Number of protein chains: 2
Amino acid sequence: MATIRDVAKAAGMSIGSVSRYLNGYALKEENMTKIKKAIEKLDFKQNYLAKGLKTKKSHAIGVVVNALTDVFAASIVTPLEYYLEKNNYELIMCDYQNDISNLKQKLQFLSSRNVDGVVIFHLSKPISYLYELQKQQIPIVAVDVPIAGFPCDAILTDNHHASENVVKNLYRAGHRQIGIIAGNSHDYVASQRLQGYVATMKKLGIYQPDLIAMGNYFQTSGYKATKKLLQSNRKITALYTTNYYLTLGAIHAINDLNLKIPQELAFVGFDDYDLSKVINPPLTVVAQPVKQMGEKTGEIILKRIKSPNLTSFKPHILNTKLIWRQSAGPKSFL
Amino acid sequence: MATIRDVAKAAGMSIGSVSRYLNGYALKEENMTKIKKAIEKLDFKQNYLAKGLKTKKSHAIGVVVNALTDVFAASIVTPLEYYLEKNNYELIMCDYQNDISNLKQKLQFLSSRNVDGVVIFHLSKPISYLYELQKQQIPIVAVDVPIAGFPCDAILTDNHHASENVVKNLYRAGHRQIGIIAGNSHDYVASQRLQGYVATMKKLGIYQPDLIAMGNYFQTSGYKATKKLLQSNRKITALYTTNYYLTLGAIHAINDLNLKIPQELAFVGFDDYDLSKVINPPLTVVAQPVKQMGEKTGEIILKRIKSPNLTSFKPHILNTKLIWRQSAGPKSFL
DNA sequence: CTGAAAGCGCTTACAG
DNA sequence: CTGAAAGCGCTTACAG
């Protein structure tokens with residue numbers, strides 16, 4: 001492997017000049033050409049280890065997700081990775097196996113590997129180690145859920161508005177008994193979605209507590225909640241499920257109950273993954289802006305790394321999109 | 001951040017000794033204690049950048065997957081990440097967006113970041129850049145598919161045997177007309193699975209070409225192939241789909257055709273993810289040993305890194321498991 | 001604009 | 001077993 005020293009020799013310049021060239025400083029035109037040629041000739045590649053040792057920057061970003069198999073996280077990390085690589089940053093993946101007590105260890109690991117920044121998915125309360133990272137000047141970006149009280153940027157979706165939009169559209173389609181399968185009430189995202197639903201139902205004057213069933217993140221819970229809700233409240237004409245797993249479970253339950261979608265029950269699910277299209281009829285869903293979320297995450301974290309002294313942190317809220325397919329009935333009214 | 005120099009001073013030893021201590025060499029007992037105390041007192045952490053600069057090892061493993069959202073890959077990378085972190089290696093994720101022409105760039109990127117090893121999913125033919133990696137002494141481990149003709153380890157599943165097992169069990173359950181939705185014939189995994197089916201059907205004397213339909217990796221293809229096969233061949237009493245997406249599509253098609261599972265059609269799918277349990281009735285599937293695959297991948301690549309001169313490469317073939325649920329009918333015969 | 005030199009935090013022959 | 005020293009491949013004040 002050629003080093004900067006080899007390049008300097010081949011170009012007849014000093015290593016300092018080669019370094020400056022590599023880092024984008026302006027040199028005399030002809031010298032730049034000489035260096036450029038030498039680099040090509042020797043197929044020189046920078047050594048990021050050496051560079052990092054001097055600059056204290058690893059050009060690595062740590063990403064911590066609850067589970068690698070979480071399609072939602074994966075669909076955000078995909079464009080994030082793309083963005084980072086384009087900017088010459090590498091992405092170190094960590095998975096805390098859905099157990100928050102692993103999180104500290106993962107963050108410590110990342111810190112020990114000198115990451116320049118950390119992206120954390122789905123963390124609602126700061127753990128103490130986060131303040132260590134802060135002391136080490138490692139910027140943090142929260143994704144999907146803001147970290148309560150912790151000063152960092154957050155990339156979020158308009159959960160409240162998403163529900164509002166679902167309810168309004170079902171209302172316009174003629175529905176008044178709109179049931180909801182809400183997620184865990186301790187969960188930030190789930191409660192935002194529920195609140196959006198409640199507020200809109202109230203505004204429209206069609207709110208009734210017995211239209212609400214609570215679930216969590218597991219499809220069995222969606223299954224049970226749906227079955228119970230639909231059996232105990234036979235007036236319901238439309239059902240809205242507020243996360244992917246609840247959607248899976250709800251569909252299962254509706255099938256079991258032999259209810260025809262959309263004729264007997266209009267259905268709106270959440271997240272636009274595989275299942276949304278397998279199901280018959282295809283599901284109307286709230287799709288999250290995963291591509292934008294990933295790109296925005298990359299943009300923000302690199303900005304923080306480049307300007308560590310920016311202080312004001314703010315949430316970046318991106319828009320969801322209601323994708324109307326057959327499960328919610330004809331969209332002629334739209 | 002304390003450095004090795006600070007530790008040496010605090011312990012009254014030389015930095016060389018501290019370094020030796022950190023790397024597991026034996027020192028005089030009392031000196032080891034002194035160093036240990038100094039490390040604790042100063043909360044010293046090794047600098048991997050500096051260490052890597054000297055040793056030419058980054059303690060990073062690059063992982064290249066076709067898509068981060070591929071649940072199969074994710075479910076292997078999860079235990080792999082766990083294994084690597086336990087051994088103090090970091091995992092750098094790359095996604096080639098299902099486009100093989102991105103692969104070279106990704107590998108170049110990983111090489112530029114001094115990865116100590118590379119794990120590649122689903123690559124059946126070597127690309128020329130692989131030989132560059134080889135020249136750089138970077139070990140490569142192929143996962144799920146062997147890289148034809150390229151000298152590296154491979155972590156595989158017993159696809160041939162998996163199909164044999166499915167056919168045999170359906171046969172024992174009384175089925176003779178066992179249909180298959182095979183994947184893309186150019187695909188290593190798919191063709192192994194098809195071959196296992198064909199060989200076993202022939203051995204049992206129940207092979208007929210019109211029991212076979214070809215699909216690819218998309219569920220629409222599974223949908224179409226299933227519909228066509230079941231409509232053109234009404235004798236089929238059991239259907240076997242050979243990958244997750246084909247399974248999704250097939251279920252959709254079977255619902256459309258209003259065939260009752262398992263009464264009118266016994267069904268065996270592939271891969272044990274979400275859907276397998278949502279579907280009513282729950283699906284009998286071939287489950288792949290993803291946890292073992294991830295761990296084995298980690299084990300092998302670290303072994304190669306530690307012993308770069310081992311030469312003989314071999315495939316490691318792990319066993320799938322047939323999980324019998326209701327979709328294939330009663331398992332009383334088993 | 002450019003060169004010479006110090007130094008980032010480690011490892012490792014060399015010598016004892 | 002241990003220390004002193006060279007060096008890994010870079011960056012960056014300093015001086016000109």
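As the structure is a prediction and not an experimental result, all values here were calculated from the model. A, B, ... follow the sequence lines: proteins, then strands. Residue 1 opens every chain.
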Peer 1: Going by ring-ring contact (aromatic ring centres under 6.0 Å, His included), name the pairs with one or both residues in residues 3-43 of chain A, residues two or more places apart or in two chains.
Peer 2: none
Peer 1: Assign each of A50(B) and M32(B) to its nearest nucleotide of DNA chain D by heavy atoms, then name whichever residue's nucleotide is nearer the 5' end.
Peer 2: M32(B)
Peer 1: Counting Watson-Crick and G-U wobble pairs with both distances under 3.5 Å, what is the dot-bracket string for DNA chain D, 5' to 3', using [ ] for crossing pairs and | for pairs to another strand?
Peer 2: |||.||||||||.|||
Peer 1: How long is the gap from OH on Y83(B) to CG on L302(B), to the nearest 0.5 Å?
Peer 2: 5.5 Å
Peer 1: Would you kindly give the CZ-to-P distance between R5(B) and dA4(D), to the nearest whole Å?
Peer 2: 11 Å
Peer 1: Test of understanding: with salt bridge (Lys or Arg N to Asp or Glu O under 4.0 Å), list the residues that count as partners of K296(A), not counting sequence neighbours.
Peer 2: E299(A)
Peer 1: Determine the Euclidean distance between corresponding P atoms of dA13(C) and dG9(C); express it in Å to zero decimal places.
Peer 2: 23 Å
Peer 1: All N/O contacts under 3.5 Å from nucleotides 12-14 of chain D to the protein, with atom names and distances to one decimal?
Peer 2:
from: dA13(D); atom 1: N6; to: R20(A); atom 2: NH2; distance (Å): 2.8

Peer 1: Decide side-chain contact (heavy atoms from CB on, under 4.5 Å) for R5(B) and K9(B); before the verdict, give the C-alpha distance in whole Å, the side-chain angles of both, and the deciding distance to 0.1 Å.
Peer 2: CA-CA 6 Å; R5(B) 180 155 269 116; K9(B) 195 182 290 175; 5.5 Å; no
Peer 1: For dG16(C) versus dT12(C), give the span between their C1' atoms, rounded off to a whole number of Å.
Peer 2: 16 Å
Peer 1: Using the test salt bridge (Lys or Arg N to Asp or Glu O under 4.0 Å), find all partners of K135(A) that sit at least two apart in sequence or belong to another chain.
Peer 2: E132(A)
Peer 1: Could you tell me whether the phosphate oxygens of dT11(C), OP1 or OP2, come under 4.0 Å of any side-chain nitrogen or oxygen in K56(B)?
Peer 2: no
Peer 1: Taking only side-chain nitrogens and oxygens of S14(A), does any of them come within less than 4.0 Å of OP1 or OP2 of dG3(C)?
Peer 2: yes
Peer 1: Under 4.0 Å from any atom of DNA chain D, heavy atoms only: list the residues of residues 34-49 of chain B that qualify, in numerical order.
Peer 2: none
Peer 1: Near DNA chain C, under 4.0 Å by heavy atom, which residues of residues 106-118 of chain B?
Peer 2: none
Peer 1: Residues two or more places apart in sequence or in another chain: which of them pass side-chain contact (heavy atoms from CB on, under 4.5 Å) with T320(A)?
Peer 2: T157(A), D158(A), A162(A), V286(A), Q288(A), P289(A)
Peer 1: Output all residues satisfying salt bridge (Lys or Arg N to Asp or Glu O under 4.0 Å) with D153(B), sequence neighbours left out; order by chain, then residue number.
Peer 2: R304(B)
Peer 1: May I ask you to check whether over 12 heavy atoms, not counting those of Q137(A), lie within 6.0 Å of atom CD?
Peer 2: no
Peer 1: Partners of D43(B) by salt bridge (Lys or Arg N to Asp or Glu O under 4.0 Å), sequence neighbours excluded?
Peer 2: K45(B)
Peer 1: Using whole Å, what does the distance between atom C1' of nucleotide dA4(D) and atom CE of M13(B) come to?
Peer 2: 14 Å
Peer 1: State the CG-CE distance between N47(A) and M1(A), to the nearest 0.5 angstrom.
Peer 2: 9.0 Å
Peer 1: Under 4.0 Å, heavy atoms only, any strand: does L53(B) hit a base, just the sugar-phosphate, or nothing?
Peer 2: base
Peer 1: Rounded to whole Å, please give me the gap between NZ in K51(B) and P in dT11(C).
Peer 2: 5 Å
Peer 1: Is there any ring-ring contact (aromatic ring centres under 6.0 Å, His included) pair reaching into residues 118-159 of chain A, and which pairs are they, with sequence neighbours excluded?
Peer 2: F72(A)-H122(A), Y131(A)-F150(A)
Peer 1: Please determine whether a side-chain nitrogen of the Lys or Arg among K86(A) and E295(A) lies less than 4.0 Å from a carboxylate oxygen of the Asp or Glu.
Peer 2: no
Peer 1: With side chain to side chain donor-acceptor pair (under 3.5 Å) as the criterion, how do Y188(B) and N159(B) come out once you've worked through the C-alpha distance, each side chain's angles and the decisive distance to 0.1 Å?
Peer 2: CA-CA 10 Å; Y188(B) 172 85; N159(B) 293 301; 5.7 Å; no
Peer 1: Quickly work out the I4(A) CD1 to dA4(C) C1' distance and round it to whole Å.
Peer 2: 14 Å
Peer 1: Please enumerate all residues that pass side-chain hydrogen bond (donor to acceptor under 3.5 Å, both in side chains) together with Q134(A), with sequence neighbours excluded.
Peer 2: none
